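Data block below; observations after.
Keep in mind it's a predicted model, so treat the numbers as computed, not measured. So you know, we letter chains A, B, ... as the sequences are listed, proteins then strands, and number each from 1.
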Amino acid sequence: GDSVTQMEGPVTLSEEAFLTINCTYTATGYPSLFWYVQYPGEGLQLLLKATKADDKGSNKGFEATYRKETTSFHLEKGSVQVSDSAVYFCALRRGTNAGKSTFGDGTTLTVKP
Amino acid sequence: DGGITQSPKYLFRKEGQNVTLSCEQNLNHDAMYWYRQDPGQGLRLIYYSQIVNDFQKGDIAEGYSVSREKKESFPLTVTSAQKNPTAFYLCASTDRGLATNEKLFFGSGTQLSVL
């Protein structure tokens with residue numbers, strides 16, 4: 001079945017540091033890939049997405065590129081802020097799988113001033 | 001503003017009791033989902049519904065039940081058969097249930113604890 005593997009956390013960085021959170025996936029067909037962010041006590045919000053190979057999703061300084069050859073969708077940001085502290089989830093979705101999404105376990109990011 | 005409303009935010013269950021979590025959306029979305037989130041883990045799908053009066057079991061449906069009598073509502077009942085119900089429950093929806101590129105819209109969650 002489908003699966004998503006994320007880099008284990010927690011990740012602690014200083015403000016303005018470079019961020020990478022690794023994500024790899026296993027799925028048949030051509031899934032869409034997503035990064036969601038969750039702030040404490042809240043639901044998830046879409047951060048960015050990519051729907052086909054070589055697409056780059058970007059939002060709020062975050063970027064991720066859909067790499068079919070390495071089945072990866074790593075999240076990057078050049079300069080993190082304290083306000084980026086949250087849990088980040090990588091996910092995939094295949095329409096042929098009844099529209100169900102598969103999530104990674106989440107990576108907790110803490111940014112210190 | 002359109003969105004998904006979950007209530008209550010915190011819920012306590014006694015042994016042997018059934019409890020119902022509410023999920024309402026005014027986005028006119030066809031598909032709705034219930035996920036369970038345990039600390040340090042990803043989201044696991046409990047039930048989902050693509051259209052009114054139809055729903056399907058997800059990966060961990062045992063001990064749970066749902067109904068979809070109205071498009072905007074998808075309540076989840078945690079029954080006494082669910083022996084480990086303490087978790088954060090998230091309701092979500094998408095515009096078209098089978099589209100690959102559709103993002104999920106989430107509610108703000110309900111934290112269920114056992115007394």
Side-chain angles (χ1 to χ4, degrees), chain A residues 1-11 21 23-25 27-53 55 57 59 66 86-109, chain B residues 3-10 21 23-25 27 29-51 54-61 87-112:
Chain A
D2 298 345
S3 68
V4 175
T5 302
Q6 276 184 244
M7 166 178 162
E8 283 193 27
V11 175
I21 300 178
C23 171
T24 57
Y25 69 90
T28 56
Y30 302 94
S32 290
L33 302 175
F34 303 80
W35 277 101
Y36 289 88
V37 59
Q38 183 181 33
Y39 298 100
E42 297 183 10
L44 281 66
Q45 307 170 26
L46 179 69
L47 181 59
L48 53 84
K49 72 177 186 181
T51 58
K52 60 183 188 294
D55 267 3
N59 185 27
Y66 189 164
V87 182
Y88 292 82
F89 290 91
C90 185
L92 70 83
R93 179 177 171 86
R94 287 193 294 120
T96 53
N97 194 22
K100 293 188 288 184
S101 299
T102 301
F103 289 83
D105 287 345
T107 301
T108 300
L109 170 66
Chain B
I4 299 180
T5 301
Q6 287 188 244
S7 62
K9 190 153 182 71
Y10 300 96
L21 285 60
C23 178
E24 304 277 333
Q25 55 101 355
L27 300 166
H29 283 176
D30 287 327
M32 296 186 75
Y33 307 82
W34 274 106
Y35 289 92
R36 171 178 171 141
Q37 184 179 20
D38 293 281
Q41 296 186 33
L43 279 65
R44 292 184 289 169
L45 183 64
I46 304 172
Y47 268 98
Y48 63 103
S49 168
Q50 303 287 0
I51 56 172
D54 185 52
F55 49 82
Q56 306 295 329
K57 292 182 179 179
D59 301 318
I60 55 165
F88 191 55
Y89 290 85
L90 287 163
C91 180
S93 70
T94 59
D95 188 10
R96 295 169 293 151
L98 293 178
T100 301
N101 62 351
E102 289 285 317
K103 73 174 188 180
L104 286 161
F105 290 77
F106 284 88
S108 56
T110 293
Q111 175 64 49
L112 175 62

Side-chain touch B:H29/B:I4, heavy atoms, less than 4.5 angstrom
no
Measure A:Y36 against the heavy atoms of chain B and call it side chain, backbone, both or neither at under 4.5 Å.
side chain
Counting heavy-atom pairs under 4.5 Å with chain A, the top scorer among B:Q56, B:Q37, B:K9, B:Q6 is B:Q37
Can you tell which part of B:F105 gets under 4.5 Å to a heavy atom of chain A, answering side chain, backbone, both or neither?
neither
Beyond-backbone contact of B:Y89 with B:I46, side-chain heavy atoms, under 4.5 angstrom
yes
Going by the angle between their ring planes, with limits at 30° and 60°, are B:Y47 and B:F55 parallel, tilted or perpendicular?
perpendicular
What part of A:Q38 is in contact with chain B, defined as an atom under 4.5 angstrom from a non-hydrogen atom: side chain, backbone, both or neither?
side chain
Considering only heavy atoms from C-beta outward, does the side chain of B:Y33 approach that of B:L43 to under 4.5 Å?
no
Name the member of A:L44, A:L46, A:V4 that forms the most heavy-atom pairs with chain B at distances under 4.5 Å.
A:L44
Side-chain heavy atoms of A:W35 within contact of A:C23, under 4.5 Å:
yes
